[in-house]
4 protein chains.
Amino acid sequence: MCRFLAYSGEPVFLTDLVCAPTHSLVHQSLHAAEAKTETNGDGFGIGWYGERVDPGLYRDVCPAWSDENLVNLCQQVRARMFFGHVRASTGTATTRANCHPFAHGRHLFMHNGQIGGYHRIKRRLEALIPDALYDVRRGTTDSEAIFLLALANGLAEDPVGAMARTLATVRDLMRAAEATEPLRFTAVVTDGETLTAYRWACDGSPPSLYYRETETGLVVVSEPIDGCRDGWKVVPKGGTLQARRGGPVVVSGPEAVAERIAA
Amino acid sequence: MCRFLAYSGEPVFLTDLVCAPTHSLVHQSLHAAEAKTETNGDGFGIGWYGERVDPGLYRDVCPAWSDENLVNLCQQVRARMFFGHVRASTGTATTRANCHPFAHGRHLFMHNGQIGGYHRIKRRLEALIPDALYDVRRGTTDSEAIFLLALANGLAEDPVGAMARTLATVRDLMRAAEATEPLRFTAVVTDGETLTAYRWACDGSPPSLYYRETETGLVVVSEPIDGCRDGWKVVPKGGTLQARRGGPVVVSGPEAVAERIAA
Amino acid sequence: MCRFLAYSGEPVFLTDLVCAPTHSLVHQSLHAAEAKTETNGDGFGIGWYGERVDPGLYRDVCPAWSDENLVNLCQQVRARMFFGHVRASTGTATTRANCHPFAHGRHLFMHNGQIGGYHRIKRRLEALIPDALYDVRRGTTDSEAIFLLALANGLAEDPVGAMARTLATVRDLMRAAEATEPLRFTAVVTDGETLTAYRWACDGSPPSLYYRETETGLVVVSEPIDGCRDGWKVVPKGGTLQARRGGPVVVSGPEAVAERIAA
Amino acid sequence: MCRFLAYSGEPVFLTDLVCAPTHSLVHQSLHAAEAKTETNGDGFGIGWYGERVDPGLYRDVCPAWSDENLVNLCQQVRARMFFGHVRASTGTATTRANCHPFAHGRHLFMHNGQIGGYHRIKRRLEALIPDALYDVRRGTTDSEAIFLLALANGLAEDPVGAMARTLATVRDLMRAAEATEPLRFTAVVTDGETLTAYRWACDGSPPSLYYRETETGLVVVSEPIDGCRDGWKVVPKGGTLQARRGGPVVVSGPEAVAERIAA
């Protein structure tokens with residue numbers, strides 16, 4: 001399990017959300033409160049949209065709590081949309097290429113969860129990724145494989161539908177392989193303009209996901225960064241959150257993802 | 001605060017103590033039970049005596065729990081005497097040169113504790129290290145500075161007396177600088193033959209230190225590696241433990257260190 | 001292109017071959033003389049056979065010339081058979097899992113060369129690896145893929161035949177994908193007892209490969225480690241070298257690999 | 001010896017100078033043309049002035065040529081003034097804290113050169129650094145020690161005079177210690193507004209230093225980044241270059257540094 005944070009709104013310094021709050025993402029790397037693992041020390045990453053169409057990306061393998069480069073970058077970089085992620089590996093190696101967020105073209109993606117019994121379906125799952133996307137795979141995680149498959153399934157045009165189709169495919173492969181551990185998927189994706197968050201698990205127990213509208217914009221988090229739940233709303237299980245930058249936040253219930261996958 | 005382990009006796013594979021036990025040192029890197037910090041993820045190190053007079057040393061900056069090299073080395077290396085250490089930094093950078101154990105010639109040293117207000121006495125303390133030893137300083141920790149100063153004070157000939165003199169000097173510098181945080185020092189040193197462990201703090205609250213005599217030898221640890229205290233004995237506060245390899249374990253009370261420093 | 005060294009014979013300290021010679025492997029990491037690239041600074045690795053059936057492995061991402069752990073380990077470890085490798089990446093990331101040698105069970109494998117146009121056949125090549133071996137893939141290099149495919153093709157029983165079949169498969173995939181860059185393969189594999197070295201390229205220009213019988217054993221290298229060619233023999237293009245530990249060195253010409261692949 | 005680059009002028013993306021040119025700083029990390037060492041693979045760093053008074057800093061220990069974070073940051077960050085440095089260690093460890101540029105408050109400093117026989121004067125030199133600056137020392141290099149001592153000597157108010165006094169002190173310590181290797185110092189410092197470059201050596205052989213005024217600003221480099229010398233001017237031996245951002249470039253001869261030190 002991992003912890004993450006996404007922001008969309010008026011440009012703010014990353015440090016205001018990633019480092020400074022009482023229970024900031026960096027604090028959660030050492031002391032997560034709502035995760036299965038308290039420590040999220042297997043690497044980290046930030047992605048942000050600056051002056052380019054494609055996002056900036058800084059990922060490293062050390063724990064977020066001791067990385068002076070991260071602190072420094074977060075103090076310098078101001079962005080209208082950014083992602084932050086601290087990783088607790090479910091088995092794959094601690095390499096930069098296995099750290100979230102993952103970037104492809106103008107897209108950023110990050111994930112908290114797991115594909116149960118991934119090793120039993122890995123080969124079949126990866127073989128579904130088309131050549132052009134297969135070649136940009138840099139790491140070995142299940143998360144990156146889902147991202148690439150979702151891109152192949154039309155993530156750019158239809159973020160919710162493409163991801164529902166991708167998760168249905170993964171779940172089918174798991175069933176065929178008789179995987180007993182669940183598929184859990186709490187994630188966020190963006191193209192730099194629209195942010196889409198998902199919260200689904202095949203066993204009805206997806207990792208937590210909260211959001212809050214602040215004076216400057218929308219914050220989506222694994223767990224509140226101020227250490228209390230006041231003012232934070234929960235994304236419903238099986239549902240999604242979508243927001244175009246500056247536009248209204250649209251939260252959907254199980255019909256968004258859960259029922260499509262079940263269909 | 002950190003966690004450590006020392007072994008002296010019949011040659012055993014390092015993995016038997018460092019990786020395999022229920023609450024092994026590697027497990028303690030993520031879930032320490034008796035330390036101020038549960039996570040000890042700011043680097044680690046092992047030192048061992050093989051076919052050479054000088055010890056082998058492997059230290060790295062990633063958390064011990066995810067280092068495949070550590071697992072592999074511990075499975076391959078068998079030694080009659082070895083140290084293992086997982087680090088929770090009290091402020092200095094996470095670099096290899098700041099990881100314990102520290103080696104000099106045939107000596108190995110590792111420490112769990114802190115010099116309160118180190119930044120206020122750092123310059124004066126380091127200036128006490130003689131040129132020849134100053135030049136072999138590789139890192140920036142208070143621990144390495146104490147080790148080098150103790151070597152200058154005669155650690156090779158008189159491990160207990162030299163360390164008592166060193167700690168008295170450090171405490172005097174702290175007093176002069178009006179440092180308010182305590183000096184705490186639980187540590188082990190060896191020349192490859194004799195193991196000396198210390199447990200002292202200026203405020204009477206030194207970090208924990210246990211030992212146990214097994215079928216093959218002596219194990220000295222920050223906290224029991226089997227997750228229960230049965231069979232483990234406590235090194236008394238202010239005291240020491242000394243054992244020549246294959247010889248009897250000699251445990252001394254406050255007269256060994258505490259009273260000498262107070263004198 | 002990379003540089004490597006393999007040894008089989010009476011136990012010697014790794015440092016005697018890896019670090020100490022005038023033009024040692026560590027020296028070649030900065031100043032290779034016969035490689036396309038003078039610098040081989042994209043990670044390194046050593047593998048050795050100690051008291052266990054399975055080999056020890058130490059790999060890291062920093063350049064070999066500045067790694068104090070490597071120097072230290074090579075001074076401590078004495079082995080009857082060992083591999084050393086310094087890497088110059090042909091494009092894949094600098095991660096530990098992409099560093100040679102690769103280990104599987106009791107086997108070690110290392111490679112100098114490249115699959116031309118690897119990105120065009122990567123997906124098809126990896127899909128040929130059977131599930132059980134696919135799951136132990138840790139990195140993303142063409143070299144590891146060849147090793148796993150060769151294991152699937154019977155490397156343990158027939159090192160030369162299995163590798164010839166594997167290379168023929170790779171070359172066929174390259175042809176089908178109309179890859180224009182060559183397949184070049186200079187490599188060594190061992191099961192801890194028998195060492196097999198290959199030197200083949202589809203364009204007749206395989207990387208260099210030398211060997212020498214010393215007082216203590218057999219040394220196989222990318223380029224001489226003493227900086228001169230006296231006493232070193234060349235493994236012929238398209239051929240192999242095989243030696244059981246303590247047994248005679250058998251060198252074969254193009255009939256060993258080149259003609260089998262062409263067949 | 002190292003390679004570096006400094007820019008001051010209209011905001012440009014770092015990639016335009018650090019990564020993109022034919023013989024860019026990243027290219028020089030592998031293939032320096034005018035340095036004693038062709039490879040500068042012992043870490044790297046960039047520092048830049050963005051929206052804050054204090055500069056941003058990104059330093060890491062891997063070679064610049066393989067660091068994807070560096071490429072990514074240089075594509076995202078646009079700055080009016082920035083430094084880039086690729087390091088070839090003269091002996092001290094490869095740690096982030098030993099990589100240039102060094103930052104203190106609003107100042108950035110980077111250095112190419114060496115203090116001959118540094119180990120013989122290290123202790124005395126470091127003891128000259130006042131407490132407040134001693135405590136911010138993070139690494140162990142001679143370069144950082146010079147920077148801190150220069151700050152203590154008034155670098156903020158009088159960059160040329162303070163550095164001349166500092167170098168005279170270092171040279172005096174070297175003479176007293178009978179160091180036989182030379183003191184060589186080609187360096188750049190800035191407070192974010194004024195850039196000061198130095199080129200001096202006690203033996204009259206300082207490392208190379210060039211500059212060029214482009215359409216957007218001033219570029220100061222160890223060696224030309226376009227692979228040819230057309231349009232590049234040389235900073236004279238023993239002299240300095242100074243330029244306030246947007247103001248004229250003032251180049252001084254030996255009277256600036258060399259004669260002051262000799263006095």
Side-chain angles (χ1 to χ4, degrees), chain B residues 10-16 18-20 43-64 66-83 95-108 136-139 144 192, chain C residues 10-16 18-20 43-64 66-83 95-108 136-139 144 192:
Chain B
E10 293 302 309
V12 300
F13 284 106
L14 271 60
T15 195
D16 294 348
V18 175
C19 308
F44 66 86
I46 50 172
W48 70 95
Y49 294 85
E51 295 188 56
R52 310 274 197 182
V53 173
D54 290 352
L57 200 61
Y58 170 62
R59 304 185 291 181
D60 215 342
V61 295
C62 44
S66 65
D67 190 69
E68 54 278 77
N69 284 327
L70 176 64
V71 171
N72 200 298
L73 275 174
C74 287
Q75 279 196 309
Q76 293 291 331
V77 175
R78 183 145 72 158
R80 66 181 189 275
M81 186 171 292
F82 58 84
F83 282 16
T95 66
R96 286 183 180 179
N98 284 348
C99 288
H100 309 225
F102 301 98
H104 183 252
R106 65 182 201 277
H107 283 89
L108 278 179
V136 301
R137 181 150 163 76
R138 289 287 167 269
E144 189 192 20
Chain C
E10 294 302 308
V12 299
F13 285 106
L14 271 61
T15 196
D16 294 347
V18 175
C19 308
F44 66 86
I46 52 172
W48 70 95
Y49 293 86
E51 295 188 55
R52 309 274 196 184
V53 173
D54 291 352
L57 200 61
Y58 172 62
R59 303 185 292 182
D60 215 341
V61 296
C62 45
S66 65
D67 191 69
E68 53 278 76
N69 284 326
L70 176 65
V71 171
N72 201 298
L73 275 174
C74 287
Q75 279 196 311
Q76 293 291 330
V77 175
R78 183 146 71 158
R80 66 179 189 275
M81 186 170 294
F82 58 84
F83 282 15
T95 66
R96 285 183 180 178
N98 284 348
C99 288
H100 308 228
F102 301 99
H104 183 253
R106 64 182 202 277
H107 284 89
L108 277 181
V136 300
R137 180 149 163 79
R138 288 287 168 270
E144 189 192 20

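By convention in this document, chain letters (A, B, ...) are assigned in the order of the sequence lines, proteins followed by strands, and residues within each chain are numbered from 1.
- The choice from B:Leu70, B:Leu73, B:Val77 that makes the most heavy-atom pairs within less than 4.5 Å of chain C is B:Leu73.
- Annotation: side chain of B:Glu51 is not in contact with side chain of C:Gln76 (no heavy-atom distance under 4.5 Å).
- Applying the side-chain contact (heavy atoms from CB on, under 4.5 Å) rule to B:Thr15 yields the partners B:Phe13, B:Cys19, B:Cys74, B:Gln75, C:Arg52; only residues at least two apart in sequence or on another chain are considered.
- Listed by chain and number, the residues in a side-chain contact (heavy atoms from CB on, under 4.5 Å) with B:Arg96 are B:Asp60, B:Val61, C:Tyr58, C:Asp60, C:Cys62, C:Asp67, C:Glu68, C:Asn69 (sequence neighbours excluded).
- Annotation for C:Asn72 and B:Leu57: closest pair OD1-N, 2.9 Å, computed over non-hydrogen atoms.
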